[in-house]
Number of protein chains: 2
Amino acid sequence: MGTRREISELPPEADLARADSLAREIFSDVANKWAFLIIEFLGQGMMRFSELQREIGGISHKMLAQNLRMLEQNGLVERTVHATVPPRVDYALTEAGQALRAVVDGMCGWTQRYLGHIEESRRRFASRERP
Amino acid sequence: MGTRREISELPPEADLARADSLAREIFSDVANKWAFLIIEFLGQGMMRFSELQREIGGISHKMLAQNLRMLEQNGLVERTVHATVPPRVDYALTEAGQALRAVVDGMCGWTQRYLGHIEESRRRFASRERP
DNA sequence: CGGAATCCAACATGATACTG
DNA sequence: CAGTATCATGTTGGATTCCG
């Protein structure tokens with residue numbers, strides 16, 4: 001065997017260590033705050049565009065549309081258009097989306113649990129600056 | 001009770017729905033690809049700056065330094081300086097960092113599992129463009 | 001070696017306005 | 001209502017350079 005190759009005998013595509021892998025590309029797409037927030041809130045169930053925008057405070061129309069399209073392309077979100085007037089468009093998580101939602105839920109829980117810890121850590125860090 | 005308030009009876013600080021909450025601020029910091037990759041690779045154990053940079057393909061010196069500092073401020077990463085020459089600096093996950101690592105691991109696993117699914121979804125999406 | 005600062009190009013984002 | 005395009009602006013990120 002080689003010197004220290006325990007980690008990956010993965011196909012190059014799936015290897016996160018490689019900057020040009022598909023896995024990295026997916027990480028770059030999905031591991032961002034807007035995508036996570038959309039997935040988290042969509043986890044509550046099917047929602048309309050405007051509902052989502054109301055739920056996720058501070059997200060702009062543009063960012064919501066853009067990230068929804070990205071998630072749709074990657075097959076995490078399904079878009080359903082109702083031929084009514086005014087138009088009604090529903091968004092829901094696919095199976096892949098729901099699987100990722102479990103991860104995002106984990107991060108939400110982590111955030112709650114370590115909120116105080118992080119706050120304190122920041123304070124300590126700030127106060128020992130310019131010693 | 002109100003009309004539809006199942007979700008959060010959380011303190012405002014912990015409410016991800018609010019753009020100005022501390023939870024959101026943490027999400028914005030941590031939910032990005034570089035932070036996730038650093039946490040994932042640091043999960044293998046204590047590592048030096050240059051080792052990390054070698055492991056994480058495509059990360060620049062600047063991004064690594066910047067994100068390490070951010071993670072240190074938030075108390076996810078601990079930095080140890082050895083008074084040798086040349087200087088040696090080790091990075092390791094704290095308890096909070098290891099807890100988040102479980103989440104990131106979940107995302108890595110998710111990526112592997114749905115890689116093909118996502119690839120196919122992208123192809124379908126692309127090929128039904130300009131119909 | 002690790003870190004910080006600078007410069008600058010590229011990109012992300014928000015506001016606005018327009019379409020179906 | 002949902003979606004897109006455009007534009008102005010701020011932020012990100014890479015390359016480079018210098019410090020300890």
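Small disclaimer: the values here were computed from a predicted structure and weren't measured. Side chains are part of it too, since the values below use all heavy atoms of this structure and drop only hydrogens, waters and symmetry mates. To find a chain, count down the sequence lines: A is the first, B the second, and so on, and within it residues start at 1.
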Residue-phosphate contact under 4.0 Å: R79(B) side-chain N/O, dG2(C) OP1/OP2 = no
With heavy atoms under 4.0 Å as the rule, sort R69(A) into base, sugar-phosphate or nothing.
-> sugar-phosphate
Under 4.0 angstrom, heavy atoms only, what part of the nucleic acid is R88(B) near: base, sugar-phosphate, or nothing?
-> nothing
Output the rounded distance in Å from [atom1] ([X]) to [atom2] ([N]).
X	N	atom1	atom2	value
N32(B)	dG13(D)	CG	C1'	12 Å
I56(B)	dG14(D)	CD1	P	12 Å
I59(A)	dA12(C)	CD1	P	15 Å
K62(B)	dA10(C)	NZ	P	15 Å
M63(A)	dT16(C)	CE	C1'	14 Å
Q53(B)	dC1(C)	CD	P	11 Å
Q73(A)	dG3(D)	CD	P	13 Å
Q66(A)	dC11(C)	CD	P	13 Å

Inspect the contact between D105(B) and R101(B) and indicate whether a charged nitrogen and a carboxylate oxygen are less than 4.0 angstrom apart.
-> yes
Residue pair E95(A) / Y114(B), side-chain donor-acceptor N/O under 3.5 Å | yes
Closest to the [X] side chain, choosing from [options]:
X	options	value
W34(B)	dA2(D), dG13(D), dC1(C)	dG13(D)
F49(B)	dG3(C), dG14(D), dC1(D)	dG3(C)
Y91(B)	dG20(C), dG2(C), dG3(D)	dG2(C)
S60(A)	dT4(D), dG14(C), dC1(C)	dG14(C)

What class does the angle between the rings of F36(A) and F27(B) fall in, given that below 30° is parallel, 30 to 60° is tilted and above 60° is perpendicular?
-> perpendicular
Do you know which two heavy atoms are closest between L93(B) and I39(B), and how far apart they sit?
-> CD1-O, 3.9 Å
Do H61(A) and dG14(C) have a side chain to base donor-acceptor pair shorter than 3.5 Å?
-> no
Is there a donor-acceptor pair closer than 3.5 Å between any side-chain N or O of R79(B) and the backbone N or O of Y91(B)?
-> no
